[in-house]
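This report concerns only the one structure given below.
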Amino acid sequence: MTPEERSVLAGEFALGVLDGPERAQALRLLVADPGFAREVERWREHFAVWFAEFGEVEPDPGLEERILGALPGGAANDDAGRAVRLWRAVAGGASLAAAGLLAALLLQPERAAPPAPPRPAPAAPAPLVAALDPTPDAGGTLDAPLAAVFDRATGTLTLASAVDVPAGRAAELWTIAGDGVPRSLGVLGTGNRLTVRPEARGRLAAGVVLAVSVEPPGGSPTGSPTGPVVATGALSAV
Amino acid sequence: MASAPASTTAPDAARARLVEAIVATGGEDRAAFQRLYRLTRAKLFGICLRICGTREAAEDVLQDVYLIIWRRAGGYEPGRASPITWLATIARNRAIDWRRANPVRAAAGVEEAADVADARPDAAAGMLDAEEGRRLHLCLDQLEPPQRETIRTAFFGGVTYAELADRRGVPLGTMKSWIRRGLLRLRDCLRDDA
């Protein structure tokens, strides 16, 4: 892809005209390429001047009360029960929506190069990717599937964008394998990155489910998720 | 509760009030959130209505938008984005998600909201960066009319290439080529001015 093509793709993505495999390609670049992400950001800033031209319209007066009533408030007990139910559902398999996005991410050929030339450096293992589907029952913390990439060479897990957690809370990442028991990978750090400790890296493999839960700062005090599970998706080899 | 004092009408004051309300909302301050809602609901509803097409859908989306704002406010960095841009981007992206998930309902509702699109710049204009705006408009003026119009339509309507081609009655490839050439020229123009 030439710099011009890349810039145009960033503009198309910021404008919102892409869908299907082209949108998936842009999403994948957004994760893999900080330069592309900056370019999308620049386009968004340019287009933002148009926001002034959207007219103002008053919504229904009753909406204010509806929204204030929908804010998460003190229902801690309920959250715990919901987390258990969600974990059962997650252990049963990743969602179809996530699988669909993943397929789009993986099946779209990025370049037209013939597959014939031998791959350089076969020693570097291919990354693992997952499309993390938001779990609506958790309170809609995410509003769109979130791409995750695990670089096996460096042990770094990167999410395409921030996970929204309430102030004073942290996003913790988990693996769930065949036994259905969530095991912590650690708390998501700055840059939406997490360096997985070397002894835990072996748990990241194709087919294993990756999940994100909202926890106290520093992570779950119990070793198991205590807060709502906000997104899940199965890992695949690229 | 501090609703807008009559004396603060200048853009800077409006902007400062918004920043304050977002930052306090990030600390789970419900009164600040309510203030933020009252200051911005009409602007954000205008965006949702324009893109979703019906009041019913736009109000559902607007509720989602404010719940997202409630959760994300703690991560808002005042130095990085203007408050209205930050809020409006959440509204536009959420409304576009709704359109992608409800293509049939979205297409039926477009006419109802068509007149919302090209309203004159309003009070919120003052919250945006005027200099940036002049540059974009200057560069847009250099585009061929079909390029300029389709890029604007895409932004205001939140529509895909396929929908744009359908509305203009041109092949998909033609639509893609208009927008891509337009974006390329915009990019060069915006870079030259920088």
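A note on names: the letters A, B, ... follow the listed sequences, proteins ahead of strands, and every chain is numbered from 1.
Between A/H46 and B/L190, some side-chain heavy-atom pair lies under the 4.5 Å cut-off.
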Evaluate ring pair (Phe, Tyr, Trp, His ring centres under 6.0 Å) for B/F155 paired with A/F51, printing each intermediate quantity in order.
CA-CA 9 Å; B/F155 182 84; A/F51 281 132; 5.4 Å; yes
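Interface remark: B/L140 contributes side-chain atoms only to the contact with chain A (heavy atom separation under 4.5 Å). Of the two parts of B/E59, the backbone and the side chain both hold a non-hydrogen atom closer than 4.5 Å to a non-hydrogen atom of chain A. Contact annotation for B/I179: only side-chain heavy atoms (C-beta onward) come within less than 4.5 Å of a heavy atom of chain A. At a 4.5 Å heavy-atom cutoff, the contact between B/I151 and chain A is made by backbone and side-chain atoms alike. Proximity to chain B is absent for every atom of A/E5, based on heavy atoms less than 4.5 angstrom apart. For chain A, the nearby part of B/R92 is the side chain; its heavy atoms alone come within less than 4.5 Å.
Under a cut-off of 6.0 angstrom, the local environment of CD in A/E65 is sparse, with at most 12 non-hydrogen atoms contributed by other residues, nucleotides or ligands.
Side-chain atoms of B/Y161 and A/E12 form a donor-acceptor pair, as typed in the model, at a separation below 3.5 Å.
Here the shortest heavy-atom pairing between B/Q63 and A/A70 reads NE2-CB, 3.5 Å. Pairing each heavy atom of B/L164 with each of A/V17, the nearest pair is CD1-CG1, 3.9 Å. Between A/E53 and B/K43, the shortest heavy-atom contact is N-NZ, 4.5 Å.
A search for side-chain hydrogen bond (donor to acceptor under 3.5 Å, both in side chains) contacts involving B/R148 returns nothing, not counting sequence neighbours.
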